[in-house]
Amino acid sequence: SRGFLELGVRPADAVQIQLPNRREFLLCVLALERIGAVVNPVAPIFRSNEVTVMSELAKPVAVVTVDAFRNFELAAMHVDLRESCPWVQNVIVVPSDLDKPADGPADTLAWADLLATGQNSALTDHALDLVRPTPNDVAEIIFTSGTTGQPKGVMHTHNTLNAATDRWLERIAPDCSVFHMASTLAHQTGYLYGIRTAITVGGRVVYQEVWDPAEFAELIETHGIEASMGATPFLADLMAIDGLADRDLSSFKAFVCAGATIPLPVLEQARETLPCTVMPGWGMTEMGLATSGRRDDAFEKLATDGTSFDGSEVRVVDEGGSPVPAGEEGDLQYRGSLVFVGYAQGRELTESCWRDGWFDSGDRAIMDA
């Protein structure tokens with residue numbers, strides 16, 4: 001935190017984090033939230049065009065990235081982008097291999113130097129307290145995938161993020177303290193359930209930079225992983241590895257599948273071969289996981305996307321905004337404690353997505369009785 005303050009980062013300033021899944025991401029979140037700054041996560045797969053659009057909206061004063069990932073030089077890209085993104089005052093570079101620290105490109109700051117700046121700072125604890133945020137301050141600007149147009153900058157507060165994390169822990173992992181994440185930490189799934197869950201319960205989290213189901217099975221054995229969340233194909237991949245029956249996966253209690261419907265045969269196979277309860281879920285960047293199954297649901301209910309969480313509501317309406325009868329398809333709407341506070345694009349876009357106090361998801365759904 002002191003290192004960022006010494007660089008000039010102040011409350012409400014955005015700091016862009018474009019890192020793969022590694023502990024420095026989590027450390028940055030802790031440090032930036034402590035001083036009231038706004039975390040702007042960006043997936044490491046994004047390149048100049050996408051990053052420029054996001055940067056123009058979030059206006060980050062600093063970027064934390066890695067020298068290279070998957071043979072692409074991310075740090076050099078951000079140096080090149082500074083001409084078109086002059087608001088970026090510092091590019092901080094984490095080495096790909098911490099055992100072999102490498103200097104980043106010219107005009108960048110090494111991660112080790114950021115840490116040293118903080119350690120040598122004369123700023124007191126009282127100085128940190130002076131910039132401490134309030135629960136309703138914006139803590140995150142995260143961008144949607146933009147599959148239906150330009151990505152939208154979704155703004156969350158500490159309260160909305162904590163609500164999403166707390167509800168997930170209560171329903172999915174009430175007895176868990178060892179988590180896993182292979183989805184990128186720069187998407188809301190990874191950010192909420194790969195960073196904030198472990199922080200909230202004071203637990204541990206195990207990251208994979210690149211998804212590998214055999215490695216995942218090994219990590220469950222080694223670390224006693226208890227809960228994870230990912231795309232539906234992750235589940236099929238895990239069950240397809242060689243020697244699955246010989247693995248000790250007994251610690252694994254809960255796996256949430258979101259992003260696509262779970263085929264019933266996959267659920268049946270999981271029930272027979274895995275110790276965890278597989279729960280479906282539906283969500284959006286705007287509220288994280290918004291509905292899910294429960295660990296004690298009847299098996300046939302696992303073919304649905306479950307129910308909303310405590311403190312939130314979901315409904316299905318017709319074109320006029322009136323709720324439709326059970327079994328009838330309509331527009332899916334959501335409201336409650338998990339919902340974001342607005343888009344970085346401004347009030348007009350934000351208000352266009354609300355009807356009668358409900359957030360209009362843009363998805364279609366059917367609710368049963």
Side-chain angles (χ1 to χ4, degrees), residues 135-136 140 142 144 152 154-176 183 187-193 196-197 200 227-232 253-262 267 277-318 321-343 350 353-369:
N136 287 318
E140 177 200 40
I142 187 168
T144 61
K152 297 187 285 287
V154 177
M155 298 188 293
H156 276 277
T157 68
H158 299 272
N159 266 338
T160 59
L161 294 172
N162 287 342
T165 304
D166 290 347
R167 299 295 83 76
W168 192 91
L169 286 166
E170 289 170 3
R171 178 177 293 187
I172 307 300
D175 51 354
C176 298
S183 299
H187 286 168
Q188 201 67 299
T189 292
Y191 190 78
L192 286 171
Y193 314 119
R196 300 186 71 92
T197 47
T200 299
S228 185
M229 178 172 169
T232 302
K253 299 176 182 177
F255 185 80
V256 180
C257 282
T261 303
I262 313 173
L267 279 171
T277 302
V278 176
M279 285 160 283
W282 166 83
M284 299 178 69
T285 308
E286 284 83 349
M287 72 282 282
L289 188 67
T291 70
S292 81
R294 303 173 185 269
R295 282 166 65 175
D296 59 355
D297 275 347
F299 182 74
E300 59 270 15
K301 286 293 182 184
L302 297 180
T304 74
D305 278 324
T307 61
S308 61
F309 294 90
D310 290 346
S312 297
E313 298 173 272
V314 65
R315 71 175 186 175
V316 180
V317 300
D318 59 24
S322 300
V324 300
E328 191 172 310
E329 183 179 303
D331 296 325
L332 183 59
Q333 296 184 329
Y334 201 86
R335 71 178 179 185
S337 56
L338 284 60
V339 183
F340 76 122
V341 294
Y343 291 118
T350 302
C353 297
W354 291 81
R355 280 198 288 172
D356 302 322
W358 291 79
F359 175 70
D360 210 336
S361 71
D363 285 354
R364 302 279 286 176
I366 296 171
M367 189 180 292
D368 66 21

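Sequence positions, counted from 1, serve as the residue numbers for this chain.
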Determine yes or no for a side-chain-to-main-chain donor-acceptor pair under 3.5 angstrom, with [X] supplying the side chain and [Y] the backbone.
| X | Y | answer |
| --- | --- | --- |
| Thr350 | Tyr343 | yes |
| Asp297 | Arg294 | yes |
| Ser292 | Gly306 | no |
| Thr285 | Thr144 | no |

Of all the heavy-atom pairs spanning [X] and [Y], show the shortest one and how long it is.
| X | Y | value |
| --- | --- | --- |
| Ser361 | Trp282 | CB-CZ2, 3.8 Å |
| Val278 | Leu267 | CG1-CD2, 3.9 Å |
| Ser183 | Gly230 | OG-CA, 3.9 Å |
| Ala164 | Leu192 | CB-CD1, 4.0 Å |
| Ser337 | Ser312 | N-OG, 3.5 Å |
| Asp305 | Gly281 | OD1-O, 3.5 Å |

Value rounded to 0.5 Å, distance of [atom1] in [X] from [atom2] in [Y]:
| X | Y | atom1 | atom2 | answer |
| --- | --- | --- | --- | --- |
| Cys257 | Leu302 | SG | CG | 10.0 Å |
| Asp175 | Leu169 | CG | CG | 10.5 Å |
| Tyr334 | Met287 | OH | CE | 6.5 Å |
| Glu329 | Asp318 | CD | CG | 12.5 Å |
| Leu161 | Thr200 | CG | OG1 | 10.0 Å |
| Met279 | Asp296 | CE | CG | 10.0 Å |

Do the non-hydrogen side-chain atoms of [X] and [Y] ever get within less than 4.5 Å of each other?
| X | Y | result |
| --- | --- | --- |
| Asn162 | Arg196 | yes |
| Tyr193 | Val256 | no |
| Val316 | Ile366 | no |
| Glu313 | Trp358 | yes |
| Pro174 | Arg295 | yes |
| Asp331 | Arg355 | yes |
| Asp356 | Arg335 | no |

Query raised in the report: Going through the distances and angles, do Asp360 and Trp354 end up as a side chain to side chain contact (heavy atoms under 4.5 Å, CB included)?
Result: CA-CA 6 Å; Asp360 210 336; Trp354 291 81; over 6 Å; no
Query raised in the report: Where does the angle between the aromatic ring planes of Phe359 and Phe340 fall among parallel (under 30°), tilted (30 to 60°) and perpendicular (over 60°)?
Result: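 Phe359 vs Phe340 ring planes: perpendicular.
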Query raised in the report: Can you check side chain to side chain contact (heavy atoms under 4.5 Å, CB included) on Leu332 and Met367, steps first, answer last?
Result: CA-CA 9 Å; Leu332 183 59; Met367 189 180 292; 5.7 Å; no
Query raised in the report: For Ser308 and Arg167, does a side-chain donor sit closer than 3.5 Å to a side-chain acceptor?
Result: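 No, no side-chain donor-acceptor contact under 3.5 Å.
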Requested in this report: Determine, stepwise, if the pair Gln188 / His156 fulfils side chain to side chain contact (heavy atoms under 4.5 Å, CB included).
Outcome: CA-CA 11 Å; Gln188 201 67 299; His156 276 277; 3.3 Å; yes
Query raised in the report: Going through the checks in order, is the side chain to side chain contact (heavy atoms under 4.5 Å, CB included) test met by Trp168 and Met229?
Result: CA-CA 11 Å; Trp168 192 91; Met229 178 172 169; 3.7 Å; yes
**Report entry** N-O pairing of Lys301 and Asp368 below 4.0 Å
**Finding:** yes
